[in-house]
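All values derive from a computational prediction rather than experimental measurement. Keep in mind that the numbers below use all heavy atoms, side chains included, and drop hydrogens, waters and symmetry copies. So you know, we letter chains A, B, ... as the sequences are listed, proteins then strands, and number each from 1.
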Amino acid sequence: MATGFSRRSFLYGAVVGGFASSFLTYQLLNLDFQGLENNATQQLLFDFINDNSEISPLLGRAYVELDLLEIEATNVNAMAEFVISRLDLQESLTQSQLADAIAEDFRAGNTFEVEDWVFSSTEGQLAALAYLLKGIPDDSVQQVSSTFLDLESLEEAELARLDAWGPDQGQAAQAFNEQPNGNSALWVKLDGLERGGLYYLFFEDTLMQTTTHYSDGLITADLYPGQTALLTYEEGNKTIYLVDILSMKKQFIGDYRVIGNAARPDTDTGDTLIDSYNAEELLRVGNWGPQVGAVGAPFNPQPTGHSALWFQLLDYKGEKYQVYFGSYPMNTHHHIDTDSMTAGLSAEIVKTIVAEKAIIPVHIVDHDRKVRQLIGLYTVR
Amino acid sequence: MLYLEPSSVENPFEYDVAIYGAGPAGITLALALANLGVRVGLFEAGGVDSSMLDDVGAGHPYRAENTGRPYNLAATRARYLGGTSSLWGGWCRPLDSYDFEDRPFIPVSGWPIDRADLDPYYESAINVCEVDTAGLGLAAFEQDFDFDQYSHKLNENLRAKNFLFSPPTRFGERYRQDLERSENIDCILDATLINLSEQSGQIDFSEIASLSGVRYTVQARFHVIAMGAVENARTLLHSELANSSGYVGRCFSDHLGETIGIAILSKESNYYLHNAGTEFSGVRVLPHLGFSDEFLRSNELMNFGLVLEPRQSADTNVNSLIEQTSFLTGRESERTTVLMRMENAPNPQSRVVLTNQKDIYGVPSVRLEWQPSMTDFTGIEKICELLPRQLGIAHGRFKTTYENTQNNRDTASIQGHHMGTTRMSMDSMEGVVDKNLRTHDVENLFVAGSSVFPVFGFANPTLTIVALSQRLANHLHQQIEVR
């Protein structure tokens, strides 16, 4: 059976990104990871989580869709519980044993298909768990859920002795220590980092894509371009924390200093608008997208030729606002039945905007109250 | 002795055994009989090379119509000393035990002999075909020649099925001197069999014609036609012999070749890569990947062998995805295109028939109606359904690209292996010759060559043709001694 990806599956991602991760973290925390640092199942899971390729979205999403059909789409906890119940994360497996376990899936017929390729259930379960943990909003953007952990509630501790870290400052809405893929990267050098921990760096309250090199005592972590722009939009100090989600402890690494403010294009309404961060929040947006696109490529093109943005809303009560893409008002539709909002812009305008690298603010505007709220930044790269 | 024309033959044309056709089957049989002290006449329609018939034109004996699936008969036959060994690529492999079995899902399947009956003759056929087996003999075809750290036995259901290589032996060149020197052989060129005359269930004599217009008759205790699957059928149909079953000319077959998919394999499987597998320890080996006899039997599958060609580029994101998952499980991987060599089911509707046209000797020309059966193509589909799981057990992946469409059925490549038109059978109503290659209907008329194969396996036929000729020589020698 070939697997196509529908709008429904994309909504899974949006919902999962908002709610599932804390539950999954809870599940992971209940596992005894101590002494299992060589566990290949865990390693493959973490590799899936840290890998920036399309493995976990494609494979994981397909597995979720195929294997969890009996579970309500909105019951994310049940989905995650189902996946975890299929995985024996406690079992200590060598890499070779894991490969044999995958082979055994094939022998037993525990397989599923993606684009006519056949995968083992073990691979699917690991990818699905990684997919649920990461919360993949759409095909082009991988966004780590900000509700992954409540950073404030964690106990402060010295997880390891801090030797050095960097970079510790940069310009507003600009990439820092830019990687070939456009991500911004931090590095932290530590002494005495214990194996068996599951470490993540947090930039403010945002979990970074983190890789731990135990042998060097080095932790590296990435932010996607859209995240970088949004998190460094305003000048000031941004906290950097190291968190071990297994011991639920955090260690303050330092402050990243944002120099200057990002330019804020007018929303060109003819009104003087108040930014919502100086007033009340208009809407709670669980997720939105797409957030990244290539130079010259219209985002999310529709059959009409328009480009469209989607917004998954929280506690939506039917308020009506207009979405602005940079200074361009978008044709905005509200869907109270699905707690969502969509907004379209003509192909001609989009073509002009995405003609070169840029970071475009996306706002919603309440014209009656003359308030605008920054939703996020669309990155053209 | 070798005679370029019949007029130079001093002896009367009387032999213990008259063999018509000096290809691998005929030459092997003649030399084996001669070594046993049997007096042999070997009649070859062509000359020492292909030039003799160059100027014949419209009446060319090989002129043939084709009303079935496209088939290039002209390019796959050779009418001169050595026969189609002159066109041979040298591929050698015995048939598998499974090929000899009666399989209910293949109509009229099963040989009246089994693999063990042929094993001693395969051993000598290896020598005749000059196959280097590193001293292993027949065992070399199942031998693990991969001496690095990996075992190529990927799982219990998969097997290496080796092809080994002849130089290739051009039988006309390689054995010409032996034919010339043998006192027991008259090898006569430009000698076309135009009729077999039967009386009271015996061949009384044969009629031979030459391009120069000379015609003469040959008498022998035993007559053996060894002219290839088209000409053997043509001769029996024209002579109205040995066809009480109606099978003469039917079940014409050839091996199909298909590209069936993409595989991504772990390093253990590199053994099966086409470019990597051609030489191990100095022996030319091309391992094919196939299913074990047990697995083929339990799943009612046609026999096949897979060749894996390295593939340069990934086609889809999923390809790279699989490679990365392979990487994540600590295994290097290789992208390959998967080619299948496959046996076909005997199809009575695929046949050689006579036409009203006659060649320069007055013998009716043939029309070929080459029709693979649907069993062949559904067989490919079934194998493609089973491969993902079996390669998955072996830490690999397989995705089929094969579609059983009319266009694909029409364009499947052929190998030029003509087989099946005088099939061997236990029951005289299901074939033309018995287990000793004697025609069911005519006591002293035998057939040699791949036209006697009742089912075909996926191996190239030459080694089996030579083995069957060795076995026939043994049988005829015994018959002569008894008489």
More than 12 heavy atoms of other residues, nucleotides or ligands under 6.0 Å from CD of B:Glu403: is that the case?
-> no
Here the gap from A:Asp116 atom CG to B:Ile262 atom CD1, rounded to the nearest 0.5 Å, amounts to 10.0 Å
Partners meeting side-chain contact (heavy atoms from CB on, under 4.5 Å) with A:Asp216 (sequence neighbours left out) = A:His213, A:Leu218
Any ion pair linking B:Lys399 and A:Glu113 (charged N to carboxylate O, less than 4.0 Å)?
-> no
Give a yes or no on whether a salt bridge exists between A:Glu123 and B:Arg397, defined as a side-chain N under 4.0 angstrom from a carboxylate O.
-> yes
A:Ala103 and B:Ile393 have their tightest heavy-atom pair at CB-O, 3.2 Å
Does the side chain of A:Arg107 come within less than 4.5 Å of B:Glu156's, by heavy atoms?
-> yes
